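On a predicted model such as this, the values are computed, not experimentally measured, just so you know. Letters A, B, ... mirror the listed sequences (proteins, then strands); counts begin at 1.
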Amino acid sequence: MAKLLGGIGSSHVPAIGNAIEQNLQQDPYWQPFFTGYEPVWEWLEAKKPDVAILVYNDHGLNFFLDKMPTFAIGAAAEYQNSDEGWGLKPLEPFPGHPPLSWHLINSLVNDEFDITSCQEMLVDHGFTVPMSLMWPNRILTEQIKVIPVCVNVVQSPFPTANRCLRLGEAIGRAIESYEEDLDVVILGTGGLSHQLDGERAGFTNRAFDTEFLEKLAKEPEWLLQYNNHQLAELAGPQGVEMIMWLIMRGALGENVKELSRNYHIPISNTAAGVILLEKTA
Amino acid sequence: MAKLLGGIGSSHVPAIGNAIEQNLQQDPYWQPFFTGYEPVWEWLEAKKPDVAILVYNDHGLNFFLDKMPTFAIGAAAEYQNSDEGWGLKPLEPFPGHPPLSWHLINSLVNDEFDITSCQEMLVDHGFTVPMSLMWPNRILTEQIKVIPVCVNVVQSPFPTANRCLRLGEAIGRAIESYEEDLDVVILGTGGLSHQLDGERAGFTNRAFDTEFLEKLAKEPEWLLQYNNHQLAELAGPQGVEMIMWLIMRGALGENVKELSRNYHIPISNTAAGVILLEKTA
Amino acid sequence: MTEFRKDEPISGTLIFDGNMAMKGYALNKMCFSFNSAENRDAFKANEDAYCDQYEITDAQRAAVKSRDVLELLKLGGNIYYLAKLTGMFGLNMQDIGAQQSGVSLDEFKAKLLAAGEK
Amino acid sequence: MTEFRKDEPISGTLIFDGNMAMKGYALNKMCFSFNSAENRDAFKANEDAYCDQYEITDAQRAAVKSRDVLELLKLGGNIYYLAKLTGMFGLNMQDIGAQQSGVSLDEFKAKLLAAGEK
Ligand SMILES: [Fe+3]
Ligand SMILES: [Fe+3]
C-alpha cells in the first residue's frame with residue numbers, strides 16, 4: 001500500500017528560482033534562507049520518496065479568471081513549465097503519476113470534494129520553485145514523480161482554512177488506500193506573510209508567522225479561528241497562502257513530529273518559512 | 001430579499017433545438033413532448049421571474065479534459081453560444097446577473113463547496129435548449145437574466161447524487177440571503193434515461209424514470225441510494241444526468257408542490273421528461 | 001475509498017473513467033478541436049496531416065479513418081468529443097447509435113419508438 | 001451567508017473580490033495575454049492597438065500607459081496579471097512594491113531588511 005512519509009511546508013517566491021539559477025545560495029542575502037533546507041535535503045535523500053504531491057497556487061499561467069478552480073488536481077503523464085512574462089527561464093517538464101492522480105481524484109470526489117481534474121496542465125513558479133528547492137540535483141531519469149494540487153488564492157473567495165485542512169485529511173486517506181507500494185511525500189507551499197499589492201506592499205508579520213509555525217505540528221486547528229479576510233489583514237493578502245500548508249498538514253493525520261524549521265525575512269517581499277514534518281503513525 | 005419561486009426539471013436533447021428552429025412542435029413526433037411544456041409556459045408567464053439559475057452540463061464546448069470542473073458557476077455579464085461541430089445554429093448571447101453570480105459563488109465557497117468560477121463562458125445546447133424551451137418567445141431586451149451552473153457528467157468521477165442535493169440546498173440558502181428583491185427560478189436539466197455510447201446505445205428505462213419523477217417532489221432522497229455506477233446501469237451513462245435535477249430540487253427546500261409533469265419516449269435517443277415544482281414555503 | 005474499482009461491468013457499456021481517459025487524451029483533444037469550422041475543414045482536406053498534429057496512436061488513427069465509434073470508445077475516446085468527428089460527416093447520435101448497436105438506422109429508430117409505446 | 005460583505009476595510013489593501021473582478025475583467029484578460037513573448041512584443045510595438053483588442057476603459061488605458069499599479073488595482077486589475085505588464089518593462093515585485101508604498105526602491109528593500117533584523 002502507498003505510504004505517506006511526511007510533509008514539507010515551504011515558500012515558493014520566484015526570486016528563489018533566480019537565486020538557484022545563478023548559484024547565489026552562499027551569498028549573505030541567501031545563505032540564512034538556504035541553510036533551512038539542509039535538514040530537508042538530508043531527509044529526502046534518506047527516504048527517497050517515489051511521488052511528491054505538491055500543493056501550490058498558480059499565479060496566472062495555467063488558469064485565468066474564465067475558469068478559476070478552487071481545487072485542481074493534475075492527472076497528466078508530464079507537466080510543462082512555461083514563460084510567465086517576467087524573465088524566469090522555463091524548466092524541463094516534470095513527470096507525473098497518472099494512476100495515483102486518478103486514484104486521488106476518484107477518492108476525493110467520492111468524499112465530496114468538488115475537484116477540477118486537469119489532464120494537461122502548465123505548472124508555474126509556485127510549483128517549479130519548490131521542486132528546484134527540494135531536489136536541487138535534478139537528474140531527469142531518476143526524478144521523483146509529481147502530482148500538482150493547485151489551490152485558488154487569486155480570485156476571492158478562496159477556500160476556507162477549514163476546507164483546506166479537511167481536503168488534506170481526505171488526501172491522506174486517499175494515499176493510504178492506494179494499493180501499489182509507493183513512498184509519498186506531500187509539500188504545502190506559498191506564504192508566509194507578505195503583501196504585493198496596495199499601499200501596504202512590503203508588509204510582513206513575524207509574530208503571526210512564528211505562531212503559525214509553532215502550532216502547525218501539534219495544533220493545526222489554531223489557524224481555523226481566522227477567516228480569509230482576517231488572515232489577509234494579519235498576514236497580507238498573499239500571506240493567506242499559508243492555508244495551503246494546512247492541506248499538507250491535514251494529510252499527515254494526527255501523529256506528526258516536527259524535524260526542522262527555519263524562518264527568514266526577507267526573501268524579496270516575503271517572510272520565508274520552511275518546515276519538515278514526519279508522520280509517526 | 002431574493003425569492004426562489006419554483007423549479008423546472010427538463011431534458012436538453014439537441015434535437016429539441018432543431019425542432020424549435022424548424023417549427024416542428026405540432027408534428028406527431030414532437031407534439032406529445034411539447035404539450036408537456038404548456039403548464040410551464042403558463043406558470044412562467046404568470047410569475048415573470050427576473051433570474052433563472054440554469055443547472056446543466058457542457059458537452060465539450062466550453063470545457064475540455066484539461067480543466068474539467070465538478071461544479072462551475074458563471075459570473076459573466078453575458079454568455080455566448082457557439083458552434084458545437086454538428087450543425088445547430090448558434091443563438092444570440094444570453095444576459096447574466098453578475099452581482100447574484102458573485103453572491104452565489106461567495107456563499108457556496110463559504111459553505112465549503114469547491115466552486116470553479118467562470119467570468120467568461122460559452123454555453124452549449126445543454127443550456128440553450130432549455131432556454132429556448134422555457135422562453136420560446138425570445139425578446140432580447142426583456143429577456144430573463146441567467147446564471148449557468150455547469151456540472152461534470154463527462155469525465156468520471158461525477159459528483160455524487162448526495163453532493164448534488166446538498167449543493168442545491170446551499171444554492172437555495174444563497175438565494176434567500178441576497179438582499180435585492182428578485183424573483184428567481186431554478187432549472188435542473190439533462191436526462192432522463194438514455195445511452196449514447198456502447199453496444200447498449202438507445203437504452204431507456206421508463207420504470208426507473210417514472211419512479212424518479214414520482215419521488216422528486218416529496219422524497220428526493222430516494223435517488224441517494226444509488227451510486228453513479230448503479231445509475232449508469234439503471235438509466236444509461238447519460239441518464240446519470242438526472243443528478244442535476246436533484247440540484248434544482250435541493251434548492252427548493254422542504255415544502256414543494258408538483259404542478260405538472262410529462263414524460264415521453266423517444267426524443268432522439270432519450271426518454272424526455274419535464275416537471276414543474278412550486279416552492280410553497 | 002476504492003470501491004469504485006470493484007464496480008461490476010455494465011452490459012454493452014464502457015464508463016469513461018480515468019483509465020479510459022489516460023488512453024484517449026490525444027484523440028479526445030483532436031476531436032474537441034472540431035468545434036471550429038476552420039479545423040473541420042482542415043481535417044477534411046488532409047486527415048493524416050491533421051492526425052499527425054495530435055500524436056494519436058496508429059490504432060486510433062485507423063479507427064478514426066473508418067469512423068468506427070465502438071473501436072474509438074475502446075481506445076479511449078469520449079462520446080461527446082467523438083460526436084464532433086462523426087457530426088462532421090453528417091452522422092448524428094441516432095446514426096452512431098445504430099452503428100454501435102449493430103442495427104440499421106430504421107431499426108434503431110423503431111426500437112426507440114417501441115419503447116415509447118409501452 | 002453575507003458576512004463577507006460586512007468585512008472591515010484593511011489599511012492600504014484592496015481585496016480582489018467579485019466587485020473588483022467585475023470592473024477589471026478586460027484589463028486582466030489583456031495582461032494574462034502577456035505570458036506570450038509574441039504578445040508582449042506586439043504590445044511594445046503599438047500599445048494603443050493592443051489595448052483596442054481588449055476593450056479596456058479609457059481610465060484603464062491611461063493607467064496602463066503610466067504603469068500606475070495602485071490606479072490599475074482600483075480599476076479592477078489583479079496583481080498577478082498586472083505583474084506581467086510591469087515585468088515586461090523590467091519592473092519586478094520589489095520595484096512595484098516601492099512604487100505602491102510611495103518610497104524609493106532602496107527604501108523599500110531597507111524596510112524589508114529591517115523587518116528581518118527583529
Ligand atoms: Fe503563490
Ligand atoms: Fe447533457
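Heavy-atom contacts from other residues, nucleotides or ligands closer than 6.0 Å to CD of Glu211(A) number more than 12. Counting non-hydrogen atoms of other residues, nucleotides and ligands closer than 6.0 Å to CD of Glu38(D) gives a total of 12 or fewer. In Lys111(D), the NZ atom is crowded: over 12 heavy atoms of neighbouring residues, nucleotides or ligands sit closer than 6.0 Å.
The backbone N or O of Glu8(D) sits less than 3.5 Å from a side-chain atom of His229(A), completing a donor-acceptor pair. Listed for the Arg200(A) side chain is no donor-acceptor partner under 3.5 Å among the backbone atoms of Ile10(D). Looking at Asp197(A), its side chain never comes within 3.5 Å of a backbone N or O of Asn78(D) through a donor-acceptor pair.
Put simply, CG on Asn92(D) and CG on Asn18(A) are 9.5 Å apart, with the number rounded to the nearest 0.5 Å. Distance check: Arg206(A) CZ to Glu117(D) CD gives 9.0 Å after rounding to the nearest 0.5 Å. Here CG of Asn35(D) is found 5.0 Å from CG of Leu61(A). Values are rounded to the nearest 0.5 Å. Between Phe158(A) atom CZ and Asp17(D) atom CG the span is 10.0 Å, to the nearest 0.5 Å. Note that CG of Asp66(A) is 7.5 Å distant from NZ of Lys29(D), once rounded to the nearest 0.5 Å. Expressed to the nearest 0.5 Å, how far CH2 of Trp86(A) lies from OG1 of Thr86(D) amounts to 10.0 Å.
For Asn228(A), no part lies under 4.5 angstrom from a heavy atom of chain D. Contacts between Val153(A) and chain D at a heavy-atom distance below 4.5 Å involve the backbone alone (N, CA, C, O). For chain D, the nearby part of Gln195(A) is the side chain; its heavy atoms alone come within less than 4.5 Å. Heavy atoms closer than 4.5 Å to chain A are found nowhere in Lys109(D), neither backbone nor side chain. Looking at Phe16(D), the atoms closer than 4.5 Å to chain A (heavy atoms on both sides) sit in the backbone and in the side chain alike. Ala98(D) does not touch chain A: none of its heavy atoms, backbone or side chain, sits under 4.5 Å away. For a residue to count as touching a neighbouring chain, one of its non-hydrogen atoms must lie under 4.5 Å from one of that chain's; by this rule Met88(D) touches chain A with the backbone only.
Phe64(A) and Tyr81(D) have perpendicular rings, their planes meeting at more than 60° on a 0 to 90° scale where under 30° would count as parallel.
Listed here is the closest heavy atom pair of Tyr80(D) and Val154(A): CD1-CG2, 3.9 Å. When all heavy atoms of Ile15(D) and Ala232(A) are compared, the closest pair comes out as CD1-CB, 3.8 Å. For the pair Leu73(D) and Gly198(A), the tightest heavy-atom approach, listed with the atom from each and the gap, is CD1-N, 3.5 Å.
Looking only at atom types and distance, the side chain of Asn269(A) has a donor-acceptor partner in the side chain of Gln94(D) under 3.5 Å away. Side-chain contact check for Thr13(D) and Glu233(A): no donor-acceptor pair (N or O, by modelled atom type) lies under 3.5 Å.
Asp83(A) and Lys84(D) are not joined by a salt bridge, as no carboxylate oxygen comes within less than 4.0 angstrom of a charged side-chain nitrogen.
Considering only heavy-atom pairs separated by less than 4.5 Å from chain D, the leading option among Thr204(A), Leu65(A), Thr270(A) is Leu65(A).
The closest side-chain heavy-atom distance from Ile79(D) to Gln238(A) is below 4.5 Å.
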